[in-house]
Amino acid sequence: MKPEKINTLKKVVVIGGGSSGIGVIASIRKRVKDADITVVEPNDCHYYQPAWTLVGGGLFDISKTRRAMRDVIPSGVSWLQDSVVRVDPDETYIETRQGKRVSYDFLIVACGLVLRWDKIEGLEETLGLNGVTSNYRFDLAEYTWKLVREMQGGKAIFSQPTLPIKCAGAPQKALYLSCDHWRRQGVLNNINVNFCLAGTAVFGVPQFVPALTDYLKKYRAQVNFRHNLVRVDGKRRQAIFALDSDSDEEDKREIALPFDMLHVVPPQSAPAFIAQSGLSDGSGWCDVDKFTLQHKRWQTIFAVGDCCATPNAKTLAAARKQVVVVAENIAALINGAPPTAHYDGYGSCPLTVEKGKVVLAEFGYDSKLLPTFPLLDNTQPSRMAWWLKAWFLPRFYWAGMLRGVEWLAKSKP
Ligand code: FAD
């Protein structure tokens, strides 16, 4: 049913014009007429990041993952091309890098997260060179594919930092698509593949682990838990990992592994202004109620997407559901009603285990399985899930989610 539109002259400020920022604006405009909406976003371009894994596997055109920011911001919305450096939640205004102050009636924090390349010594100067790459950057995903294509033998390492990260499955997706290509080319036997994770499980939701473990075995990948990448020596092609053991400090050791190709996923953190403005919980993420997404201390502030402190998987799939909840709750507040729309923690990670097959991990809070198609066993790889990931979702993103189409994203009261 189409929501009834409310008239209002309220000022809504959205921090960030990424997936959740533009998505929430589109969903608010479906419900609220005449709201004065400003998006603060420094970048000229908007990205569809989930397809970068496919680009790294030679299966998607990188140019289809980027559009001009001005083309995705809905008409009638003001764009302030600047970065927020501070929020004053008591005086209800934000302050930008260029020194502008913008007041709001409702504030939506949608600024994503920060990729901390700087946390790995020596990494920044060698990224894109010496066989060191990452699908987490638009300009490097094609370099991943170049390395994969050219590799005939040697040592390949795929690293995963301490969680939380966005799309926690993406480090191993890079591994699967690379190995699948090498297998098809008949060179996999010449390549020694290592998956080095800071954590102790290949995936956080146990039901999906058996299928993933089968693929890791099939690709003969050595899985190394408690291996945290701390340094990269690009010229000597060495990756240095801290071995995190359970025992006392003295037992902490480092190990240097040689590589011909190194796919790095960096540690990730919340943008600093969230904590500096008093909006965070102890970990730096925006401290909102996990169901209503309303800030725990300031009722006019909401958050969506990767910047939230909520214990869901940080994915676009999560943001797609969250934007509807936030739009409904803001519309309710404008109407003088309490915010009762609830987010169930849904997130999804389509694990591209081989070209043409995906294990579609869909789950909510407390690892509860929340399959979109309950009749299919989505703990197993399927061709339909591949079609969703590689064909349907990229198209639906640009033409649907960014324009307020809310298929299968209904919020629960
Ligand atoms: P973003 O889309 O990153 O947008 C944040 C925006 O905020 C940016 O435009 C930024 O410029 C802006 N910003 C930052 N700081 C400020 C500031 N101070 N002031 C103003 N603006 C600011 N998700 C899935 O669901 N499925 C997948 O298969 C999947 N695969 C992925 C694979 C890779 C390699 C990567 C990198 C991500 C993947 N994701 C996937 C995750 C998904 O892309 C993110 O969860 C999603 O983009 C989050 O949206 P967001 O709006 O919170 O952040």
Side-chain angles (χ1 to χ4, degrees), residues 13-25 38-57 60 65-66 69 72-73 79-87 94-98 100 102 108-115 133-138 140-141 144 164-174 177 263-266 268 270-274 276-277 285-286 303-308 310 312-323 346-352 358-362 385-386 388-390 393-394 396-397 401-402:
V13 171
V14 180
I15 306 177
S19 302
S20 48
I22 301 299
V24 78
I25 291 172
T38 299
V39 59
V40 190
E41 166 59 61
N43 280 337
D44 286 325
C45 294
H46 180 106
Y47 299 95
Y48 179 67
Q49 301 166 40
W52 293 349
T53 309
L54 298 172
V55 174
F60 203 87
T65 70
R66 177 170 73 173
M69 190 62 73
V72 299
I73 295 177
W79 175 18
L80 181 57
Q81 193 167 9
D82 203 345
S83 292
V84 170
V85 291
R86 191 171 77 89
V87 177
I94 57 111
E95 198 172 310
T96 70
R97 177 147 294 135
Q98 290 165 26
K100 291 205 178 84
V102 184
I108 303 171
V109 188
C111 52
L113 51 69
V114 185
L115 299 172
T133 189
S134 179
N135 289 342
Y136 274 65
R137 251 174 50 179
F138 174 83
L140 291 176
T144 304
I165 59 172
K166 56 179 155 187
C167 196
Q172 59 193 290
K173 291 188 216 176
L177 290 183
H263 180 273
V264 182
V265 176
Q268 302 173 25
F273 80 86
I274 296 179
Q276 287 158 5
S277 306
W285 305 99
C286 197
V304 268
D306 293 347
C307 66
C308 294
T310 49
N312 58 275
K314 294 187 186 299
T315 56
L316 181 59
R320 195 167 68 76
K321 300 240 176 179
Q322 292 175 345
V323 299
Y346 177 88
S348 148
C349 188
L351 291 136
T352 48
V358 156
V359 173
L360 183 57
E362 294 179 288
W386 174 270
L388 272 177
K389 160 87 188 156
L393 287 172
F396 176 74
Y397 179 72
M401 176 175 163
L402 296 189

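Indexing begins at 1, ligand by ligand and atom by atom, following the structure's order.
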Participant: Does Tyr136 reach ligand 1 with a nitrogen or oxygen that is under 3.5 Å from one of the ligand's nitrogen or oxygen atoms?
Facilitator: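 Min N/O separation from ligand 1 is not below 3.5 Å for Tyr136.
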Participant: Which of the atoms of ligand 1 are close to Ser83, meaning less than 4.0 Å from one of its heavy atoms?
Facilitator: 19 (N)
Participant: Between ligand 1 and Met69, is the shortest N or O to N or O distance under 3.5 Å?
Facilitator: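 Min N/O separation from ligand 1 is not below 3.5 Å for Met69.
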Participant: Heavy-atom distance to atom 22 (C) of ligand 1: which of Ser20, Cys307, Gly17, Pro42 wins?
Facilitator: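 Going through Ser20, Cys307, Gly17, Pro42 one by one, Pro42 has the nearest heavy atom to atom 22 (C) of ligand 1.
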Participant: Please work out, at 4.0 Å between heavy atoms, whether the side chain, the backbone, both, or neither of Pro271 comes within that distance of ligand 1.
Facilitator: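 Neither; no heavy atom under 4.0 Å.
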Participant: Quick check on contacts: which atoms of ligand 1 are under 4.0 angstrom from a heavy atom of Thr53?
Facilitator: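 That gives atoms 32 (C) of ligand 1.
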Participant: Using a strict cut-off of 4.0 Å, indicate which atoms of ligand 1 neighbour a heavy atom of Ile15.
Facilitator: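 In order of numbering, the contacting atoms are 19 (N), 20 (C).
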Participant: Checking contacts here: is it the side chain or the backbone of Ala319 that comes within 4.0 Å of ligand 1, counting heavy atoms only? Could be both or neither.
Facilitator: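 Contact part for Ala319 vs ligand 1: neither.
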Participant: Would you sort out whether Ser19 and Tyr397 count as a side chain to side chain donor-acceptor pair (under 3.5 Å), showing the intermediate values?
Facilitator: CA-CA 9 Å; Ser19 302; Tyr397 179 72; 2.8 Å; yes
Participant: Ignoring hydrogens, just give me the one of Ala272, Gly169, Cys167 whose non-hydrogen atom is nearest atom 31 (C) of ligand 1.
Facilitator: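 Comparing heavy atoms across Ala272, Gly169, Cys167, the nearest one to atom 31 (C) of ligand 1 lies in Cys167.
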Participant: Within a strict 4.5 Å, meaning less than it, do heavy atoms of the Pro394 and Tyr48 side chains meet?
Facilitator: yes
Participant: State the CD1-CG distance between Ile15 and Asp82, to the nearest 0.5 angstrom.
Facilitator: 11.5 Å
Participant: May I ask you to identify, for Tyr47, whether its side chain, its backbone, both or neither come under 4.0 Å of ligand 1 on a heavy-atom basis?
Facilitator: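 No part of Tyr47 is near ligand 1 at this cut-off.
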Participant: List ligand 1 atoms under 4.0 Å from Lys314, heavy atoms only on the residue side.
Facilitator: 45 (O)
Participant: Check each heavy atom of Ala318 against ligand 1 and say whether those closer than 4.0 Å belong to the side chain, the backbone, both or neither.
Facilitator: neither
Participant: Check whether any side-chain heavy atom of His46 sits under 4.5 Å from a side-chain heavy atom of Ile22, and report yes or no.
Facilitator: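 They are in side-chain contact.
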Participant: Among residues at least two apart in sequence or on other chains, which ones pass side-chain contact (heavy atoms from CB on, under 4.5 Å) with Ala361?
Facilitator: Phe203, Phe208, Cys349, Leu351, Phe363
Participant: Report the residues that fulfil side-chain contact (heavy atoms from CB on, under 4.5 Å) with Asn135, sequence neighbours left out, ordered by chain and then residue number.
Facilitator: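 If we apply the side-chain contact (heavy atoms from CB on, under 4.5 Å) test to Asn135, skipping adjacent residues, the hits are Ala141, Thr144, Ala174, His263.
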Participant: Report yes or no: does Pro350 have a heavy atom closer than 4.0 Å to ligand 1?
Facilitator: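 So Pro350 counts as touching ligand 1.
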Participant: Is there a heavy atom of Lys389 sitting under 4.0 angstrom from any atom of ligand 1?
Facilitator: yes
Participant: Measure Asn43 to ligand 1 on non-hydrogen atoms and call it side chain, backbone, both or neither using the 4.0 Å cut-off.
Facilitator: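 It is the side chain that gets close, since no backbone atom is under 4.0 Å.
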Participant: Do side-chain atoms of Lys389 reach the backbone of Pro50 as a donor and acceptor pair under 3.5 angstrom?
Facilitator: yes
Participant: Looking only at non-hydrogen atoms, find the nearest pair between Cys307 and Ile274 and report the distance.
Facilitator: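 Heavy-atom minimum between the residues: CB-CD1, 4.0 Å.
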Participant: Is it the side chain (CB and beyond), the backbone, both or neither of Ser348 that lies under 4.0 Å from ligand 1, heavy atoms counted?
Facilitator: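 Near ligand 1, Ser348 shows its backbone, while the atoms from C-beta on stay back.
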Participant: Given Gly305, Pro50, Gly23, Ser19, which has its nearest heavy atom closest to atom 27 (C) of ligand 1?
Facilitator: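 Residue with the shortest heavy-atom distance to the ligand atom: Pro50.
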Participant: Taking the cut-offs as 6.0 angstrom to the six-membered ring centre and 45 degrees off its axis, would you call Lys173 and Trp52 a cation-pi pair?
Facilitator: no
Participant: Could you tell me if any non-hydrogen atom of Lys173 lies under 4.0 Å from any atom of ligand 1?
Facilitator: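 Judged by the 4.0 Å heavy-atom criterion, Lys173 does count as contacting ligand 1.
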Participant: Taking side chain as C-beta onward, heavy atoms only, is Val39 less than 4.5 Å from Leu80?
Facilitator: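 A side-chain contact is absent here, since even the closest heavy-atom pair is not under 4.5 Å.
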Participant: To which of Val84, Asp306, Asn135 does the heavy atom nearest atom 17 (C) of ligand 1 belong?
Facilitator: Val84
Participant: Taking only heavy atoms of Phe273, which atoms of ligand 1 are found under 4.0 Å from at least one of them?
Facilitator: 18 (N)
